[in-house]
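One structure below.
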Amino acid sequence: MAPPQKTLDALVVGAGPAGIGTALALSAVDDLVLGVVDRGQIGQTFLDWPEAQTFLTPSFTGNGFGATDLNAVHPRTSPAFSLGADYLTGPQYAKYLRSVVKHFRVPVLSDTDVTVVEPADGGFEVETSRGPVRARAVVWAGGEFADRPDARLSGVSLADHSATLEAWEQRDGRVIVIGGYESGIDIACHHVEHGATVTTVDGESPWDADSGSDPSFRLAPRSRMRLNAATATGRLTLTGAHAGSIKRDGAEWIVSLDNGTRIRADSRPIAATGFGPGLGPVADLFARRPDGWPELDEDDQSTITPGLFLSGPAIRHGGLKFCFVYKFRQRFAHIARVIGESQGKDCGALEEWRSAGMLTDDLSCCGVECAC
Ligand SMILES: Cc1cc2nc3c(=O)[nH]c(=O)nc-3n(C[C@H](O)[C@H](O)[C@H](O)COP(=O)(O)OP(=O)(O)OC[C@H]3O[C@@H](n4cnc5c(N)ncnc54)[C@H](O)[C@@H]3O)c2cc1C
């Protein structure tokens, strides 16, 4: 007879910053039985980042003065402190995540792909590549990096998405980048810095956006500085028009814009057109907002599947986007408390997250603007 299957109090899917951070908060809930699985390694997305890519949010050890390192996932840690670096590379951040897992003894099972999540008996039956798991609550922290929806333009298969390694390889001559928000400016500056002549096209002209002080809606200071330096070379053109189609013409690629012009490149255009919510096998367990992002209740729980939570950059509440670590980490301790309290457990230790400025449970406070 097969041994009875143990039921976890909470299963976290994904060992990136959202999954590890939520697991650390869940570990602080008294007597909670936790598991974390990832189909790759801890910090797999960061191991997969192109070599030249770095964080745009700086790390700095301000923890002792109530300003926890922007990229930290636990109140008592700081990547700047442990790595001695400010703008981290992907491998550096993966190293930080591994060290946090080791120090706090987070139970992570790598190389474990979650293929099916099904609500059952007030909890969930989860199929993984290592066999079934039962859990009372599931936190989906599968990330966005692997979810790259095709841009709505004809000939899109002729472009390389900005998250692929190909898009970051050396390109000579004329380069076209479609999309001008953070990813687009990042890769455009990268190719200008390596000698190419780049045209970035975006009908919204995000490089001009001056809509408040939230970096989710305007370029980060580092991107702005790199953009100024790239523009000063004379080899970067920013064009406020939408790309409509891509065609191949001999050794060249032609991108037609909605302002009637056609521009030519000497290599495949780069689509810096963003990421989707990356819900994988739980996609049908979330209702969708009119903009396509998952509908969440005020506890970041699915509105149609109680007990299923979302952690990470896909969190949206009204007009608020939680797309950076320093934003989505504000919800780790809240999610942990909701799960812990629903199972009658003591969650007092989570106050450490609040003292460190790492807990936002009142969403009305996030829209503050800077005076100057
Ligand atoms: C190009 C880029 C640059 C960014 N730069 C910054 C920045 O500078 N600062 C910042 O704060 N934020 C940045 N972000 C936003 C955000 O911090 C990152 O997207 C971050 O990786 C999100 O963390 P996560 O834990 O949600 O997802 P991930 O780090 O992607 O982790 C998800 C994990 O889930 C695993 N997984 C997925 N599906 C399954 C499955 N079915 N079964 C098992 N495991 C699964 C994956 O293997 C992966 O390890 C950036 C995002 C992108 C795309």
Side-chain angles (χ1 to χ4, degrees), residues 11-24 35-50 52-59 69-73 79 86-90 92-94 96-98 100-101 108-117 126-130 133 138-148 161-165 167-168 179 181-187 190 215-216 219-223 270 272-283 300 309-315 321-332:
L11 173 70
V12 177
V13 184
I20 298 301
T22 312
L24 287 162
V36 184
V37 292
D38 197 294
R39 64 181 168 204
Q41 304 301 303
I42 295 162
Q44 185 63 52
T45 289
F46 296 90
L47 297 172
D48 293 341
W49 267 18
Q53 194 163 317
T54 62
F55 270 59
L56 57 90
T57 47
S59 272
D69 188 318
L70 285 186
N71 301 311
V73 295
D86 47 11
Y87 290 98
L88 309 171
T89 64
Q92 282 176 323
Y93 196 65
Y96 159 73
L97 291 176
R98 285 197 302 275
V100 169
V101 164
V108 180
L109 199 56
S110 303
D111 299 317
T112 309
D113 194 8
V114 169
T115 51
V116 180
V117 177
V126 179
E127 292 295 332
T128 82
S129 52
R130 288 181 192 257
V133 183
V138 169
V139 180
W140 182 259
E144 59 186 357
F145 192 67
D147 186 354
R148 302 163 190 171
H161 192 280
S162 60
T164 59
L165 298 180
W168 289 78
Y181 188 50
E182 288 295 355
S183 316
I185 296 304
D186 189 8
I187 200 158
H190 167 76
S216 297
L219 290 179
R222 183 156 192 260
S223 307
I270 296 168
T273 42
F275 299 87
L279 298 176
V282 297
D300 300 345
F309 294 79
L310 178 66
S311 182
I315 296 176
K321 293 183 185 179
F322 288 71
C323 56
F324 293 113
V325 173
Y326 76 89
K327 292 181 164 193
F328 61 72
R329 74 181 184 187
Q330 296 301 115
R331 306 297 287 167
F332 297 161

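When a ligand or atom number is given, it counts from 1 through the structure's own listing order. It should be emphasised that the depicted structure is a prediction, and the values quoted were computed from it without experimental measurement.
Each of the atoms 10 (C), 11 (O), 12 (N), 17 (O) of ligand 1 lies under 4.0 Å from some heavy atom of Val325. Those atoms of ligand 1 that come under 4.0 Å of a heavy atom in Ala141, given as number and element, are 32 (C), 33 (C), 34 (O). Interface atoms of ligand 1 facing Gly14, defined by a heavy-atom separation under 4.0 Å, are 33 (C), 34 (O), 35 (C). Close approach of ligand 1 to Gln53 (heavy-atom distance below 4.0 Å) involves ligand atoms 1 (C), 2 (C), 3 (C).
Listed for the Gln44 side chain is a donor-acceptor partner under 3.5 Å among the backbone atoms of Gln41. Trp140 contributes no side-chain N or O that, together with a main-chain N or O of Pro281, makes up a donor-acceptor pair within less than 3.5 Å.
Among protein heavy atoms, atom 25 (O) of ligand 1 sits closest to Ala18 N, 2.9 Å. The nearest protein atom to atom 30 (O) of ligand 1, hydrogens excluded, is given as Thr45 OG1, 2.6 Å; this is a heavy-atom distance. For atom 31 (O) of ligand 1, the nearest protein heavy atom (residue, atom name, distance) is Gly16 CA, 3.5 Å. With hydrogens left out, the protein atom closest to atom 21 (O) of ligand 1 is Phe46 CZ, 3.2 Å, a heavy atom. Protein heavy atom closest to atom 8 (O) of ligand 1, with residue, atom name and distance, is Leu56 N, 2.7 Å. The nearest protein atom to atom 27 (O) of ligand 1, hydrogens excluded, is given as Gly143 CA, 3.2 Å; this is a heavy-atom distance. What sits closest to atom 51 (C) of ligand 1 on the protein, heavy atoms only, is Glu144 OE2, 3.3 Å. The protein non-hydrogen atom at the shortest distance from atom 13 (C) of ligand 1 is Phe324 CD2, 4.1 Å.
Evaluated by nearest non-hydrogen atom to atom 44 (N) of ligand 1, the leading choice among Glu182, Arg39, Arg329 is Arg39. Of the listed options Phe55, Phe145, Trp49, Trp49 places a heavy atom closest to atom 4 (C) of ligand 1. Nearest-heavy-atom check against atom 7 (C) of ligand 1 across Ile42, Asp113, Thr57 picks out Thr57. For the residues Asp48, Asp38, Ile187, the heavy atom positioned nearest atom 46 (C) of ligand 1 is part of Asp38.
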Quick one, Phe275 with His161, criterion side chain to side chain contact (heavy atoms under 4.5 Å, CB included). Give me CA distance, side-chain angles, the key distance, then yes/no. CA-CA 10 Å; Phe275 299 87; His161 192 280; 3.7 Å; yes

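Of the heavy atoms in Thr112, only backbone atoms (N, CA, C, O) come closer than 4.0 Å to ligand 1. Counting heavy atoms closer than 4.0 Å to ligand 1, residue Ser183 contributes nothing at all. The side chain of Trp140, and not its backbone, has at least one atom closer than 4.0 Å to an atom of ligand 1 (non-hydrogen atoms only; side chain from C-beta on).
Rounded to the nearest 0.5 angstrom, Thr45 OG1 and Leu97 CG are separated by 10.0 Å. In this structure, Glu182 CD and Thr57 OG1 are separated by 10.0 Å, a value rounded to the nearest 0.5 Å.
In this pair, His190 and Trp168 present their aromatic rings tilted. The plane angle is within the 30 to 60° band. Aromatic ring pairs are classed by plane angle as parallel below 30°, tilted from 30° to 60° and perpendicular above 60°; the pair Phe46 and Trp49 is tilted. Using bins of under 30°, 30° to 60° and over 60° for the plane-to-plane angle, the ring pair Tyr93/Phe55 lands in the tilted bin.
Taking distance alone, with nitrogen or oxygen atoms compared against 3.5 Å, Val114 approaches ligand 1 more closely than that limit. For the pair Gln41 and ligand 1, the shortest N or O to N or O distance does not fall below 3.5 Å. Remark: ligand 1 and Gly312 share no N or O pair separated by less than 3.5 Å (distance only, no angle test).
Residue Ser110 comes nearest to Gly40 through the heavy atom pair CB-O, 3.2 Å, listed as atom of the first residue, atom of the second, then distance. Contact between Arg130 and Thr112 at its shortest, heavy atoms only, is NE-OG1, 2.7 Å. Between Leu56 and Tyr87, the shortest heavy-atom contact is O-CE2, 3.6 Å.
In this structure, a donor-acceptor pair under 3.5 Å is absent between the side chains of Thr164 and Arg148. Between the side chains of Ser311 and Thr22, at least one donor-acceptor pair of N or O atoms lies under 3.5 Å.
Ligand 1 lies out of reach of Ala163, whose nearest heavy atom is not under 4.0 Å from it.
Annotation: side chain of Val73 is not in contact with side chain of Arg329 (no heavy-atom distance under 4.5 Å).
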